[in-house]
Amino acid sequence: MGSPGSEIFNEFTKLCKGLVLILVGVHIVVQLIPSSPTYFALIPARTIPFGWNLITASYVEQSIQGLVVSTLGLLFMGKLLEPTWGSKEFLKFIFAVNFLTSVCVFITAIALYGVTRQENYLYMPLSGFHGVLAGFLVGIKQMVPDQELPRLKIKAKLTLYDAILCSGFHLLMLLLSMAISFFTPESATYLSTLIFGTYMGWIYLRYLQRKPESKHRGDPNEDFAFSTFFPEFLRPIIDLIASKFHRNLCGKSEAFIDTLGYSLGSAPLPGSDPIEASRRREKGARALEERLAAKSLIAAGKKSEELQINGTNNV
C-alpha cells in the first residue's frame, strides 16, 4: 500500500510534475553554481545578447521559499486548469505568459533606469515562476466566474471583497506586494512580475486562446471583462480606461468593440455565445465537484481500511 504522500502526488498531471522537476533541478543548479543566475535569470543590462533569459528566468527560483510556493501553485492550479484546457493549450499559456511578462519586466526596468539613473534596475537578477502563477489565477477566474465552490459557499468572483482561494487572491497578492515594497526594496522585484503576469494572463485568455469547441480565439464575455477584477464601485472608471486602451490597440477590430452586447447585426459574435459560456462554467464546476468527490472516496476508503485493520487486531 502506497504512502499518503505518494497517493497525493499521483493525483497531479504528468506535465505539471515534469515542470516541477525542472524548477527543482534548476534550483539545485543555482545552489551548486552561484554564478548561474547571471546567465539564466533576467538581468536587463545583459539581456542583450543573453536573450534566452526572457524564457529561462521564470524557471530560476533563487530561494527555497519561492520554490515551495511555485511548486505548490503549479501542482494544484495545474491540476484544475490542464484537464479543462488540454495539455497543449496549458503549455502554450505558460510559454506565452512567461515570455510576454519577461518582455514587459525588461522594458519596465530599462524605463525605471532611464528615469532614476539607478543601476540596480539594470543589474538586479529577476526570476521566478510567480508571474505564471498570477496568470493561472486569472484562468481560474475565467473558468468559474460566478460558481459557488462546493462546501465553502464562496463565489469565485474576483473582487477585493472575496480575497479567498481563487477568488480575489491575486489582487490580495498584488496589494500585499505593493505594501511590502515600501519597506523592503527587494520585494519590489516581484511586484512588476506579478502585475504583468496577471495582465498578460488576461490578455492571452481574452484575445489569443483558441477555443477548440468553437474554433475561435479569445473570450469576449462580459463576466471576463477587465473591470470584473475590481470592486463594483471602481468598474465604471476601469471600463472607461480599458475601452480607450482597447480602441487604441485594437481599433481595426471594430467587431469586438461594437458588439459588447454579443451581437453583430443579427449574428452573434464568434466565441461570445451564451451557450458556450455556460458550457465552460459547467465544465469548470464539474471538474471541481469530481475532484472533491474523488478526495471524499479516497478518505472513505482509507477510513474503512483502518477500521478493518483495527478489527483484525482486536480479534
Side-chain angles (χ1 to χ4, degrees), residues 18-74 77 91-138 170 173-204 208:
L19 292 172
V20 164
L21 290 177
I22 293 175
L23 291 175
V24 173
V26 173
H27 178 74
I28 293 173
V29 171
V30 168
Q31 301 306 310
L32 295 177
I33 309 175
S35 62
S36 58
T38 304
Y39 301 96
F40 298 107
L42 177 60
I43 302 178
R46 297 177 179 175
T47 299
I48 300 173
F50 298 161
W52 59 79
N53 60 31
L54 292 172
I55 298 174
T56 59
S58 177
Y59 304 98
V60 179
E61 288 292 354
Q62 301 182 56
S63 66
I64 187 64
Q65 298 92 333
L67 178 65
V68 171
V69 171
S70 295
T71 297
L72 295 177
L74 173 59
M77 287 191 279
L91 198 59
K92 284 170 61 178
F93 178 85
I94 292 176
F95 178 83
V97 172
N98 173 29
F99 179 73
L100 293 174
T101 299
S102 295
V103 170
C104 291
V105 170
F106 169 75
I107 295 173
T108 301
I110 298 297
L112 288 173
Y113 169 74
V115 173
T116 65
R117 293 298 172 181
Q118 295 183 19
E119 292 189 352
N120 62 310
Y121 288 118
L122 295 181
Y123 292 98
M124 184 179 294
L126 306 173
S127 63
F129 204 70
H130 42 281
V132 177
L133 296 183
F136 284 163
L137 289 171
V138 177
H170 74 283
M173 180 174 58
L174 291 177
L175 290 176
L176 184 61
S177 299
M178 290 178 185
I180 295 176
S181 65
F182 287 106
F183 303 99
T184 56
E186 292 78 9
S187 65
T189 60
Y190 295 91
L191 185 58
S192 60
T193 305
L194 291 173
I195 292 174
F196 287 121
T198 299
Y199 190 61
M200 290 303 129
W202 179 79
I203 287 290
Y204 182 86
L208 302 177

Pairwise distance [atom1]([X]) to [atom2]([Y]) - rounded to 0.5 angstrom:
X: Y59; Y: L23; atom1: OH; atom2: CG; result: 8.0 Å
X: L194; Y: L133; atom1: CG; atom2: CG; result: 9.0 Å
X: Y113; Y: Q118; atom1: OH; atom2: CD; result: 10.5 Å
X: F40; Y: I55; atom1: CZ; atom2: CD1; result: 12.5 Å
X: C104; Y: F99; atom1: SG; atom2: CZ; result: 10.0 Å
X: L19; Y: S58; atom1: CG; atom2: OG; result: 9.5 Å

Subject >> Residues I110, L122; criterion side-chain contact (heavy atoms from CB on, under 4.5 Å); working and verdict >> reply: CA-CA 7 Å; I110 298 297; L122 295 181; 3.6 Å; yes

Original post:
Can the ring centroids of F50 and W52 be said to lie less than 6.0 angstrom from one another?
Top reply: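 Centroid distance F50-W52: below 6.0 Å, so yes.
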
Subject >> Counterpart residues, side-chain contact (heavy atoms from CB on, under 4.5 Å), relative to I107 (two or more places apart) >> reply: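 I107 satisfies side-chain contact (heavy atoms from CB on, under 4.5 Å) with V103 once adjacent residues are dropped.
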
List the atom of [X], the atom of [Y], and the distance in Å for their closest heavy-atom pair.
X: S127; Y: A57; result: CB-O, 3.2 Å
X: F106; Y: L42; result: N-CD2, 4.2 Å
X: T71; Y: L67; result: OG1-O, 2.7 Å
X: F129; Y: E61; result: N-OE2, 2.8 Å
X: Y123; Y: I43; result: CA-CG2, 3.7 Å
X: G197; Y: V97; result: O-CG1, 4.0 Å

Subject >> From CA spacing to verdict: side-chain contact (heavy atoms from CB on, under 4.5 Å), F136, I94 >> reply: CA-CA 9 Å; F136 284 163; I94 292 176; 3.8 Å; yes

Subject >> Side-chain heavy atoms of V30 within contact of P37, under 4.5 Å >> reply: yes

Original post:
Heavy atoms, side chains only, cut-off 4.5 Å: are N53 and V60 in contact?
Top reply: no

Subject >> Candidates I203, T108, L191 - the one meeting side chain to side chain contact (heavy atoms under 4.5 Å, CB included) with F196 >> reply: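 Only match with F196 under side chain to side chain contact (heavy atoms under 4.5 Å, CB included): T108.
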
Original post:
Just by distance, do the side chain of T38 and the backbone of S35 share a donor-acceptor pair under 3.5 Å?
Top reply: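 Answer holds: yes.
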
Original post:
Around atom CD1 of I48, are there more than 12 heavy atoms of other residues, nucleotides or ligands at under 6.0 Å?
Top reply: no

Subject >> Within 6.0 angstrom of Y204 OH, more than 12 heavy atoms from elsewhere >> reply: yes

**OP:** Could you go through the side-chain contact (heavy atoms from CB on, under 4.5 Å) check for Q31 and I64 one step at a time?
**Re:** CA-CA 10 Å; Q31 301 306 310; I64 187 64; over 6 Å; no

